[in-house]
*Asks:* 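Below is a structure I'd like to ask you about.
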Amino acid sequence: MGLPVGIAGRVGQAIPVYMRPDRAESPGYESILKRVAADCPRLADTLYRAHDLRIARSVALVGNDRFVGLNELLVHLDGLVRAFDEDDALAQLSFLSCAPGPTSRRL
């Protein structure tokens with residue numbers, strides 16, 4: 001099974017979103033939280049707690065069937081997006097999609 005391709009892959013990039021070169025140049029979330037803390041300490045506290053909780057839950061789920069199943073679902077949904085983009089009859093229904101993409105620009 002290949003790597004999941006996010007929205008960036010859908011709009012023409014073949015690189016998964018989390019592997020894009022521009023992500024390496026952007027500041028990490030921890031760095032951004034430190035900047036927020038300087039101006040908005042109370043907000044930063046809430047964001048740090050949410051970040052820590054997200055990390056803890058992700059660590060607990062790595063290798064778990066839930067992550068594997070979620071990945072399979074996302075890969076399946078990516079296939080459906082491609083099917084809608086490539087079929088003119090289905091493309092007419094693409095307005096039902098909330099994500100921007102090639103078909104949404106035709107409307």
Side-chain angles (χ1 to χ4, degrees):
M1 180 177 290
L3 295 171
V5 177
I7 296 298
R10 184 171 167 214
V11 293
Q13 295 179 359
I15 301 171
V17 174
Y18 59 88
M19 294 179 68
R20 292 187 326 215
D22 60 322
R23 286 187 59 90
E25 298 168 5
S26 65
Y29 192 66
E30 292 280 343
S31 171
I32 293 169
L33 286 178
K34 287 178 184 176
R35 291 176 26 203
V36 171
D39 295 328
C40 308
R42 177 60 180 92
L43 174 62
D45 182 60
T46 300
L47 293 175
Y48 269 111
R49 289 174 191 232
H51 182 58
D52 291 344
L53 182 60
R54 185 172 50 249
I55 289 171
R57 288 185 176 168
S58 295
V59 167
L61 291 172
V62 168
N64 186 296
D65 288 341
R66 288 184 187 177
F67 266 13
V68 173
L70 181 57
N71 186 67
E72 288 177 9
L73 173 63
L74 292 172
V75 169
H76 175 72
L77 292 174
D78 287 342
L80 290 175
V81 167
R82 280 190 297 280
F84 271 71
D85 286 346
E86 294 168 1
D87 185 287
D88 289 336
L90 291 176
Q92 293 175 12
L93 300 174
S94 67
F95 67 90
L96 298 173
S97 170
C98 60
T103 55
S104 63
R105 288 195 291 266
R106 288 188 249 171
L107 299 174

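Numbers for residues simply follow the sequence, beginning at 1.
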*Asks:* Could you tell me which non-hydrogen atom of A37 sits nearest to which non-hydrogen atom of A44, and how far apart they are?
*Replies:* CA-CB, 3.4 Å
*Asks:* How far does CG of D65 sit from CG of N71, to the nearest 0.5 angstrom?
*Replies:* 12.5 Å
*Asks:* What residues join I55 in its hydrophobic cluster, counting side-chain heavy atom gaps under 4.5 Å, either direct or through other members?
*Replies:*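 Members alongside I55: V59.
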*Asks:* Would you call R49-D45 a salt bridge at under 4.0 Å N-O?
*Replies:*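 Salt bridge between R49 and D45, a charged N being under 4.0 Å from a carboxylate O: yes.
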*Asks:* CZ/R82 to CG/D87 distance, rounded to the nearest 0.5 angstrom?
*Replies:*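 It is 14.5 Å, given to the nearest 0.5 Å.
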*Asks:* Among the clusters formed by ILVMFWY side chains lying less than 4.5 Å apart, do I32 and L43 turn up in the same one?
*Replies:* yes
*Asks:* Measure across F84 and L90 and return the closest heavy-atom pair with its distance rounded to 0.1 Å.
*Replies:*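 F84 and L90 have their closest heavy atoms at CD2-O, 3.2 Å.
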*Asks:* State, with a plain yes or no, whether a side-chain heavy atom of D39 is found less than 4.5 Å away from one of R35.
*Replies:*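 No. Closest side-chain heavy atoms not under 4.5 Å.
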*Asks:* State plainly whether one hydrophobic cluster holds both F67 and L74, where clusters connect Ile, Leu, Val, Met, Phe, Trp and Tyr through side-chain heavy atoms under 4.5 angstrom apart.
*Replies:*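 Result: no, two separate clusters.
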*Asks:* Are any non-hydrogen side-chain atoms of L53 and R57 less than 4.5 angstrom apart?
*Replies:* yes
